[in-house]
Every structure is written in C-alpha cells, then in structure tokens.
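Reading through the structure tokens given below for one structure.
Positions are given from 1 along the sequence. Remember, it's 1-based here, ligands and their atoms both numbered in the order they're listed.
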Amino acid sequence: MKAIIPAAGLGTRFLPIAKAVPKEMLPLGDKPVIHHVVAEAAAAGFDEILIIVSRGKECIIEYFAPNPELESHLDAAGKSDALAAVRQATSMARIEYAYQEKMLGLGDAVKIGRKFIGADPVFAVLLGDTVMQHSSPLGAMAAAWKTFHKPTVCLEPCAEERVSRYGVAGGRETEASIFELDELVEKPAPDRAPRLTSSAGSRLPFHAFAARYLFTPEIFDCLEKTTSGFAGEIQLTDAMEQLRRKTGMLGITWPGKRLDIGSPAGLIEAARALGS
Ligand code: G1P
C-alpha cells in the first residue's frame, strides 16, 4: 500500500537550525525523525512511499539512498552492526520524492501526490514531523477501512487552550474508539471548536487530528477545489471536510501518544518519551 509523507515546509518553530538541517532530520536516538516515520508506515504495510520535500531538504533523499562506498568500507572493516544499520535505512520501503515548489500549505503538499497514488483505493498520509509513542494507529485505521470503507483520521484528546493549534473533530462514537465525524475545523477558536460525543451520549474533551490519515483518492478532487483557508494556506482539513460531506469520515482514538518534534521542546519530550 502507498503512503505520502509531507516533509516540506520551513520549520519556522525550529530556527535557526532548520535553516540548514530539516527538522525531519534531527536525531531521535541514532536515527533521524523521518526514519521513525518511514519505519512506522512500512511496518503497517504502507511500504511504497512518496516523501514531499522542498528545496534545501535534499539530505532527506540522501539519507534513504544506498551509499555503496560506505557499505563496502564497513564490510571490509568487519563492522557488521553499522553495515546492517546503514542498509536498514535504505531497505525499509520503496521511496520516491516530489518537490513542493511554493509553501502553500499542507493541503497543497498532499495534492502533489495525486499521480503517485493513481487508482489505489486507499492510502495513508503521515506527517513527517510526528512520531508515535507506544503504538501506531495505522493498523486500527486500516482495519476500520476494511470494515467501513471510509476515510479515517487519527484523533487524540486536546486541552482547550491548544485547540487553536490543530485540526479539531466533532462527531459521535459508533463503536469503541470509532467516531462518525460530523464537523472538521482547522485551528478553531475554543468557542467555535466542535466536540465528540461518546456512544452513551456524553460530551468528550476536545479531540485534535494526530498527524495520521487514511484517504480515498477522492481527497484529490476535494483538494483541487480547496481555496486558501486558515493562515492563507491550502488546508488539508478544509478538503477533508468536503470529503466527509461526500463519503463520510471516521475518527479513531488509539492507546498511543503523538509526539510532535516540530519545536525544540517537542523534540526533547519525544527523546525522553522514547528513551533515547
Ligand atoms: C497540521 C494540520 C492540523 C493537525 C496538525 C497535527 O497542522 O493542519 O490539522 O492537527 O498538523 O497533526 P500544523 O502543525 O502543520 O500547523
């Protein structure tokens, strides 16, 4: 199955280092963040991957490319552990790349993947600056797809003071941890943010999109029709709301935790959480 990993963008929360080192290439343990994201996708069966990069982020491409000179050096020196680590980085998935020319937003970045996805009935999107602690939700999302044949977004609880930083979902729980969504809003003010309701009818805390999505290719038609939204950007959330109206959309909660490495504090928290 195929996945798109958007990793373009300026990394403004990580300047000045992001001037020269993409935030996706910062280390979590001995691997860059994006290695963990590719490994998560591949482990869930999404091993044909398109990474959306922007100019200046070529070291991502270099990281996943074979390096025969280094490999033969390690081989000759008998450094088999290092050789295996180097080879693992290049063999987890079949990876292609595309450039986002202008920073027009996450929706614009995903739109670039249309040709790559082609006629596949379903594909994943994993944001390249987020890793998952404990477990990936992709397995549960793929299982929900098999049963319900609807696009799915991963959700996690979000404190009221943070809802204006994320995409936020409203909807109703139809079975344990699965919600039929009825409203999706990008970065709403808390008094405009939708809420989820439990199957017993009680109002749940706010829930934000947690950087993992499963889409049908119809999302591309919705993206084509999406004009600039929050912050003047083409918002993936606005296209998702169109798709929801057409086909329905599910939200899934899972026992893990999203670790956003897009800021220094987030990277430190992720390193602690993953014990690296
Ligand atoms: C993006 C999405 C938002 C989502 C967030 C984290 O926002 O637009 O809906 O909740 O990622 O998954 P960004 O962090 O790029 O501002």
Side-chain angles (χ1 to χ4, degrees), residues 3-15 18 22-24 33-34 36-37 40-41 52-54 57 100 103-112 124-133 136-138 141 151-171 179 181 183-190 192-196 205-215 219 222-223 226-244 249 251-254 256-267 269-270:
I4 297 175
I5 301 181
L10 304 171
T12 47
R13 290 183 293 156
F14 238 129
L15 290 171
K23 60 183 174 176
E24 296 83 1
V33 166
I34 197 158
H36 298 277
V37 180
E40 178 192 340
I52 311 290
V53 293
S54 48
K57 291 193 156 186
Q100 186 181 24
M103 297 303 102
L104 297 177
L106 179 59
D108 179 68
V110 171
K111 194 160 68 173
I112 293 166
V125 172
L126 297 85
L127 302 193
D129 63 0
T130 299
V131 295
M132 295 303 188
Q133 186 185 5
S136 167
L138 289 176
M141 294 168 78
T152 309
V153 55
C154 176
L155 301 174
E156 72 170 3
C158 176
E160 179 167 352
E161 61 273 18
R162 293 170 65 92
V163 290
S164 54
R165 295 191 197 180
Y166 299 112
V168 180
F179 297 81
L181 302 183
E183 196 181 357
L184 310 172
V185 189
E186 181 68 10
K187 301 189 172 71
R192 307 287 300 266
R195 290 287 271 268
L196 296 177
F206 291 110
H207 276 70
F209 306 162
R212 301 293 183 262
Y213 311 82
L214 220 59
F215 291 131
I219 190 72
C222 300
L223 282 164
T226 301
T227 51
S228 54
F230 185 90
E233 295 183 347
I234 308 288
Q235 294 293 346
L236 180 60
T237 301
D238 294 345
M240 287 165 64
E241 174 62 13
Q242 290 178 48
L243 183 61
R244 183 196 70 72
M249 186 170 299
I252 274 200
T253 54
W254 91 118
K257 187 175 181 315
R258 182 178 72 98
L259 300 165
D260 175 358
I261 64 81
S263 67
L267 183 65
E269 190 198 331

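- Counting only distance, with no hydrogens or angles, the side chain of Glu24 and the backbone of Ile34 share no donor-acceptor pair below 3.5 Å.
- Ligand 1 has at least one atom lying under 4.0 Å from a heavy atom of Leu127.
- Shown here, atom 10 (O) of ligand 1 is in close reach of the protein: a heavy atom of it lies under 4.0 Å off.
- Contact record, Ala193 with Phe206: CB-CE2, 3.5 Å, taken as the closest heavy-atom pair.
- By the 3.5 Å distance cut-off applied to N or O atoms, Gly167 is counted among the residues near ligand 1.
- The protein does not reach atom 15 (O) of ligand 1 closely, with no heavy atom under 4.0 angstrom from it.
- By the 4.0 Å N-to-carboxylate-O rule, Glu233 lies too far from Lys187 to be salt-bridged with it.
- A salt bridge is defined here as a Lys NZ or Arg NE, NH1 or NH2 lying under 4.0 Å from an Asp or Glu carboxylate O, and Arg13 with Asp260 meets this definition.
- Between Glu186 and ligand 1, at least one N/O pair is under 3.5 Å apart.
- No N or O atom of Arg165 sits closer than 3.5 Å to an N or O atom of ligand 1.
- Note on ring orientation: taking the six-membered ring where Trp is involved, the planes of Phe209 and Tyr213 are perpendicular (angle over 60°, cut-offs 30° and 60°).
- Between Val153 and the options Thr237, Leu181, Val125, Ile252, a side chain to side chain contact (heavy atoms under 4.5 Å, CB included) holds for only Leu181.
- Considering every non-hydrogen atom in both Ala109 and Pro6, the closest pair reads CB-CB, 4.3 Å.
- Of all protein heavy atoms, the one closest to atom 7 (O) of ligand 1 is Lys187 NZ, 3.3 Å.
- By the criterion of a heavy-atom distance under 4.0 Å, both the backbone and the side chain of Ala211 are placed next to ligand 1.
- The nearest protein atom to atom 6 (C) of ligand 1, hydrogens excluded, is given as Arg258 NH1, 3.5 Å; this is a heavy-atom distance.
- For Ala210, no nitrogen or oxygen atom sits less than 3.5 Å from a nitrogen or oxygen atom of ligand 1, counting backbone and side chain alike.
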